[in-house]
Amino acid sequence: MKIEGKEYRTIWFENNTVKIIDQTKLPHQFIIKDLKTVKDSINAIKIMEVRGAPLIGATAAYGLVLAILENNDQSFLKKSANDLINSRPTAINLKWAVDRMMKKLSGVNSNEILNIALNESKKICEEDVKFCENIGLNGLKIIEEIYNKKKDTVNILTHCNAGWLATINWGTATSPIYHAHKKKIPVHVWVDETRPRNQGANLTSYELNEEEISNTIIADNTGGILMQRGEVDMCIVGTDRTLANGDVCNKIGTYLKALAAKDNNVPFYVALPSSTIDWDIKNYKDIPIEERNSEELSHIEGLDENGNIKKVKIYPKKSKSMNLAFDITPAKYVTGLITEKGVCEASEKGLKDLFK
Ligand code: MRU
């Protein structure tokens, strides 16, 4: 998708270097950063220079390419794979991508391994682009249906950033919106700010602006009253891990939005590629929920009057704070899952019928 009119992807490989867009600097600065070692990849995932389930999976895949370039040795590769998996706990795509790479790379001859690793990482990225595009085409039908009934702008609420910046291109939750916009269906997006890291304000609104899609940032607590006033036609969010029974783990605050949607009969959709499905965990209580540094709550970053990025403390000195990064929305609050294969009910049957 576009930034200042130029087409980008979120990650690519060039001259033995992985290139990423440093998301910690957006929307104030657009910086392309080089990752040269597996440690650089791990750090980029940990400090959220890259984030969003599909993108951290792709970064981990390329991280293994960098590991091979650094030290073409199976035990180093194994250790790197472990360190990558442990860099963030909740998004399943990370483990999915590393496991997929290691299946191809374990025990492979050192003369061939680099090419195999590079091809597989590229394949993971290309697949994600195709899957996200299909999610868009499948979700477009739902937006079209609402528009055909309403004959007026379709208002869509989203939480966090499940846009192209969280994937390789298109995004998951935003892909149906981009496709609707391309078809000239009038859409407007309510963008949850998404405290504490503000991925909604800093990333979703930014990328929608760059694609000239009408959007309005709202405080995280505003969605409920907008739904009561009939100003939200549908919600679409992404997910970091969806269980085979349809329970959805996503950015903290998603659950509360789903409850408000249920109470107001607003359809609540979750968009995801199949790489985000966890077929193993049976109970949502077993999903590892990331708890991040409480400084992400107590401090806030923005531009000062001289245009420099500045961090300031906003909480009382003596107050404690707690920063859980994800929550779970039970399947019963999800109207449907929008996947690359079609839209299904958020249930074991729904998912199994689509993905045998
Ligand atoms: O902590 P983040 O920014 O990595 O969390 C991202 C989200 O929760 C997204 O909504 C989710 O990953 C879906 S990404 C397509």
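Whatever order the structure lists them in is the order used to number ligands and atoms, beginning at 1. Residues: numbered from 1 along the sequence shown.
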| Can you list the steps and then say if Q23 with N161 is a side chain to side chain donor-acceptor pair (under 3.5 Å)? | CA-CA 11 Å; Q23 300 195 16; N161 171 255; 5.9 Å; no
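- With a 4.0 Å heavy-atom cut-off, ligand 1 is reached by the backbone of T239 but not by any atom from C-beta on.
- Using cut-offs of 30° and 60° on the angle between ring planes, the pair Y8 and W12 is tilted.
- Here the protein heavy atom with the shortest distance to atom 10 (O) of ligand 1 is N250 OD1, 3.0 Å.
- Listed by number with element, the atoms of ligand 1 under 4.0 angstrom from any heavy atom of A166 are 14 (S), 15 (C).
- Defined by atom type and a distance below 3.5 Å, a donor-acceptor pair is missing between the side-chain atoms of R51 and Q199.
- Within the structure, the closest approach of N161 to ligand 1 falls below 4.0 Å when heavy atoms are considered.
- Residue, atom and distance of the protein heavy atom nearest to atom 5 (O) of ligand 1 are K251 CE, 3.4 Å.
- Judged purely by atom type and a 3.5 angstrom limit, N43 has no side-chain atom pairing as donor or acceptor with the backbone of K39.
- Within the 4.0 Å heavy-atom cutoff, M48 counts among the residues contacting ligand 1.
- Taking any N or O of G238, backbone or side chain, none lies under 3.5 Å from an N or O belonging to ligand 1.
- Relative orientation of the F13 and Y62 rings is parallel, given thresholds of 30° and 60° on the angle between their planes.
- Judged by the shortest distance from any of its heavy atoms, P54 lies inside the 4.0 Å radius around the atoms of ligand 1.
- Of all protein heavy atoms, the one lying nearest to atom 12 (O) of ligand 1 is D240 OD2, 2.8 Å.
- Below 3.5 Å of separation, one finds no N or O of A162 facing any N or O of ligand 1.
- At most 12 non-hydrogen atoms from other residues, nucleotides or ligands lie less than 6.0 angstrom from CD1 of I225.
- In R88, the part holding a heavy atom less than 4.0 Å from any atom of ligand 1 is the side chain.
- With a 4.0 Å cut-off on non-hydrogen atoms, Q199 touches ligand 1 through its side chain and not its backbone.
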| field | salt bridge (charged side-chain N to carboxylate O under 4.0 Å, His left out) assessment of K79 paired with D83 | value | CA-CA 6 Å; K79 183 186 174 314; D83 292 347; 2.5 Å; yes
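- No hydrogens or angles considered: nothing links the side chains of D192 and T194 as a donor-acceptor pair under 3.5 Å.
- The residue I56 has no part lying near ligand 1, judged by heavy-atom distances below 4.0 Å.
- Nearest non-hydrogen protein atom to atom 15 (C) of ligand 1 is T172 OG1, 3.2 Å.
- Classification of the W170-H179 ring pair by plane angle, with boundaries at 30° and 60°, yields parallel.
- Each of R197, R88, R241 was evaluated against E290; a single residue qualifies, R88, per the salt bridge (Lys or Arg N to Asp or Glu O under 4.0 Å) test.
- Counting heavy atoms under 4.0 Å from ligand 1, residue A91 does not touch it at all.
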